S.K.: 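Got a structure here, written out as structure tokens. Questions coming.
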Amino acid sequence: MSWTEALGFATGALRDGPERGPWMTRRFRAELEATGRRHLSVRGDRRERLATAAAAVDELRAEGRRFAGPLPGNR
């Protein structure tokens, strides 16, 4: 989950300041897209975000588990 203005910022020992949130979100999204990782941005109020996320999890579960082949040298 990445930061958005809609969700606000919660301080914590491992978090950078709120001014870095938008930059980090853009960076995370760019990396996910550049590496071909599937990802989902959820929007709306809490109920809408939960419903969207739960539906995405259900879809992933319906696909079943997929494992990569063994690494070379470990076959």
Side-chain angles (χ1 to χ4, degrees):
M1 177 180 227
S2 58
W3 182 91
T4 68
E5 289 180 17
L7 295 177
F9 181 82
T11 60
L14 300 176
R15 294 182 179 95
D16 290 323
E19 67 280 354
R20 304 251 338 212
W23 173 85
M24 292 176 68
T25 296
R26 288 190 304 273
R27 175 81 169 113
F28 293 151
R29 187 171 292 130
E31 277 301 307
L32 290 166
E33 290 171 0
T35 57
R37 301 292 198 286
R38 293 192 314 184
H39 61 283
L40 174 69
S41 294
V42 294
R43 300 191 190 312
D45 63 24
R46 181 181 212 132
R47 184 175 293 174
E48 292 168 325
R49 293 190 314 265
L50 177 59
T52 301
V57 169
D58 289 343
E59 288 177 24
L60 288 172
R61 292 184 66 208
E63 290 178 10
R65 295 183 181 192
R66 296 185 318 248
F67 294 101
L71 296 172
N74 292 331
R75 295 179 185 208

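The shown structure was predicted, so the numbers you read here are calculated from the model rather than taken from an experiment. One is the number of the first residue; the rest follow in order along the sequence.
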S.K.: Minimum heavy-atom separation for Ala56 and Leu40, please, with both atom names.
M.R.: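 The pair with the smallest heavy-atom distance is CB-CD2, 3.5 Å.
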S.K.: Could you grab the distance from atom CZ of Arg49 to atom CZ of Arg47, nearest 0.5 Å is fine?
M.R.: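 That separation rounds to 12.0 Å.
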S.K.: Could you tell me which non-hydrogen atom of Arg29 sits nearest to which non-hydrogen atom of Ser41, and how far apart they are?
M.R.: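 Heavy atoms only, the tightest pair is NH2-OG, 3.3 Å.
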S.K.: Using only atom types and a distance under 3.5 Å, with no angle test, would you say the side chain of Arg37 pairs donor to acceptor with the backbone of Thr35?
M.R.: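 Looks like yes, one N/O pair under 3.5 Å.
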S.K.: Honestly curious: do Trp23 and Phe28 fall in one hydrophobic cluster under the side-chain, below-4.5 Å linking rule?
M.R.: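 Yes, it is one cluster - the side chains of Trp23 and Phe28 are joined through contacts under 4.5 Å.
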S.K.: I'd like to know if the side chain of Glu48 reaches the main chain of Asp45, judged simply by a donor and an acceptor atom lying under 3.5 Å from each other, with no hydrogens or angles considered.
M.R.: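 Such a contact is found between Glu48 side chain and Asp45 backbone.
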